[in-house]
Number of protein chains: 2
Amino acid sequence: MNPNRPNPNRPVYLKLRDQIAAAIIDGDYPEGAMLPSVRALAAEQGANPLTVAKAYQQFQNDGLVEVQRGVGMYVVKGAAERLRSRERAAFLSEEWPEIRSRMARLGLDPADLALTS
Amino acid sequence: MNPNRPNPNRPVYLKLRDQIAAAIIDGDYPEGAMLPSVRALAAEQGANPLTVAKAYQQFQNDGLVEVQRGVGMYVVKGAAERLRSRERAAFLSEEWPEIRSRMARLGLDPADLALTS
DNA sequence: ATGGCTGTATTATGGCACTGATGCACCTCG
DNA sequence: CGAGGTGCATCAGTGCCATAATACAGCCAT
């Protein structure tokens, strides 16, 4: 299921990826700070180091983290804002339309649910 | 992925399942009407008959369609409302909390987006 | 009754994604 | 220089998904 966002049986490396992205946006991993090593995060999350590495991979490709081989991976300057901007655009263009149409089909109104929670 | 909801590369049988569910809720397959045969829908969708059968399977298990072997599968009375109710509950308890928290993180307000579209 | 339509069961196969174990290359510090 | 920390590459195993080829079981109009 999917792959798919809310899917519970979702690939581990994607769940980790989302979790890390959230931490960067929220400032839990400040700019310039070193990310947990693949082994450390793997041990903490009960996952395989390679799975963690795969989760980190995309951030490297996108230039959001800087890799110093033999040392560690660091959050680059402006990563949080760039990441937020990118995720927001992706959400609005790819996810929100489907969510909105599904809610309409189910007779739900986003404005109502916005208040309750 | 999930197998995740909005995932584009999602198993065919799940995409078909969602598509059929939407058609039932929207009344495209009215109560008492016969669903397309597995072979017909397979040909139309360019899929394998067994894959379509797998998509139909869950509706049988849930008692939303009645199977008349040798004839076809029919939408039972009240299926649309039961299906909508079930999907709504599932959406609110499993998907909406995550969606809401993600929107908050990205600085988006459901109430605002409810108007725009 | 027979041909043609339904759904279903069986088995086999190819592909793909995810996960995992091992070892290597690189850097820093004492 | 050596120990212990980094990330990274390679290979293999596993399971799900989709497809295919058949064959079978039930119903109905001609």
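Quick note: numbers below take in every heavy atom, side chains included, and nothing from hydrogens, waters or symmetry partners. We name chains A, B, ... by the order of the sequence lines, and we start the count at 1 in each one. Treat the numbers as computed from the prediction; the structure is a model and nothing was measured.
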Take atom [atom1] of [X] and atom [atom2] of [N], then tell me their distance rounded to the nearest Å.
{"X": "Asn9(A)", "N": "dC18(C)", "atom1": "CG", "atom2": "C1'", "answer": "13 Å"}
{"X": "Asn48(A)", "N": "dG13(D)", "atom1": "CG", "atom2": "C1'", "answer": "13 Å"}
{"X": "Lys15(A)", "N": "dA17(C)", "atom1": "NZ", "atom2": "C1'", "answer": "15 Å"}
{"X": "Leu16(A)", "N": "dG20(C)", "atom1": "CG", "atom2": "P", "answer": "11 Å"}
{"X": "Arg10(A)", "N": "dC16(D)", "atom1": "CZ", "atom2": "C1'", "answer": "18 Å"}
{"X": "Leu14(A)", "N": "dA17(C)", "atom1": "CG", "atom2": "P", "answer": "12 Å"}
{"X": "Arg17(A)", "N": "dC18(C)", "atom1": "CZ", "atom2": "P", "answer": "13 Å"}
{"X": "Phe59(B)", "N": "dG7(C)", "atom1": "CZ", "atom2": "P", "answer": "14 Å"}

So, applying side-chain contact (heavy atoms from CB on, under 4.5 Å) with Phe59(A), which one of Leu35(A), Val76(A), Val75(A), Ile20(A) is it?
Ile20(A)
Which of these, Arg88(B), Glu94(B), Glu95(B), sits in a side-chain contact (heavy atoms from CB on, under 4.5 Å) with Phe91(B)?
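Exactly one pass, corresponding to Glu95(B).
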Applying side-chain hydrogen bond (donor to acceptor under 3.5 Å, both in side chains), can you list everything that pairs with [X], at least two apart in sequence or on another chain?
{"X": "Gln68(B)", "result": "none"}
{"X": "Asp62(A)", "result": "Arg86(A)"}
{"X": "Arg105(B)", "result": "Asp26(A)"}

What residues form a salt bridge (Lys or Arg N to Asp or Glu O under 4.0 Å) with Glu81(A), not counting sequence neighbours?
Arg84(A)
Where along residues 34-41 of chain A does a heavy atom come under 4.0 Å from DNA chain D, residue by residue in number order?
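Per residue number, the list reads Ser37(A), Val38(A), Arg39(A).
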Could you list, one pair per line, each protein nitrogen or oxygen that sits under 3.5 Å from a nitrogen or oxygen of nucleotides 26-30 of chain D, together with the distance?
from	atom 1	to	atom 2	distance (Å)
dG26(D)	N2	Gly70(B)	O	3.0

When the nearest nucleotide of DNA chain C is assigned to Val67(B) and to Thr51(A) on a heavy-atom basis, which residue is associated with the more 5' position?
Val67(B)
Ranking Gly46(A) and Met73(B) by the position along DNA chain C of their nearest nucleotide, the one closer to 5' is Met73(B)
If we fit an axis to the first five pairs and another to the last five of the helix from dA1(C)-dT30(D) to dG30(C)-dC1(D), what angle do they make, to the nearest 10°?
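Between the first-five-pair axis and the last-five-pair axis there is 10°.
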Any chance you could pull the hydrophobic cluster mates of Leu50(B), using side-chain heavy atoms under 4.5 angstrom and chaining through other members?
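So far as hydrophobic clustering goes, Leu50(B) is joined with none.
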Other ILVMFWY residues reachable from Val71(A) by side-chain steps of under 4.5 Å:
Met34(A), Tyr74(A)
Those residues that, when tested against Ala89(B), pass side chain to side chain contact (heavy atoms under 4.5 Å, CB included) (two or more places apart)
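Listed in chain order: nothing, the list is empty.
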Side chain to side chain contact (heavy atoms under 4.5 Å, CB included) against Gln60(A), all qualifying residues, sequence neighbours excluded
Tyr56(A), Gln57(A), Val65(A), Val67(A), Met73(A)
Establish, with yes or no, whether the OP1 or OP2 oxygen of dT19(C) is under 4.0 angstrom from a side-chain nitrogen or oxygen of Tyr13(A).
no
Does a side-chain N or O from Lys54(A) land closer than 4.0 Å to OP1 or OP2 of dC18(C), or not?
yes
With sugar-phosphate meaning primed atoms plus P, OP1 and OP2, does Gln60(A) contact a base, only sugar-phosphate, or nothing at under 4.0 Å between heavy atoms?
sugar-phosphate
What contact category does Tyr56(B) fall into here, base, sugar-phosphate, or nothing, at under 4.0 angstrom with non-hydrogen atoms?
nothing
Run the side chain to side chain contact (heavy atoms under 4.5 Å, CB included) test on Met103(A) and Leu113(A) for me, step by step, so that the C-alpha distance in whole Å, both residues' side-chain angles and the decisive distance to 0.1 Å come before the verdict.
CA-CA 11 Å; Met103(A) 291 183 72; Leu113(A) 277 66; 4.1 Å; yes
Give me the atom names and distance for the closest heavy-atom approach of Ser93(B) to Pro97(B).
O-CG, 3.8 Å
Separation of Lys77(B) NZ from Arg82(B) CZ (nearest 0.5 Å)
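Here the rounded value is 12.5 Å.
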Interatomic distance, CD1@Ile99(A) vs CG@Leu108(A), rounded to 0.5 Å, equals 12.0 Å
Listed pairs, N/O of protein and of nucleotides 11-16 of chain C, under 3.5 Å:
none

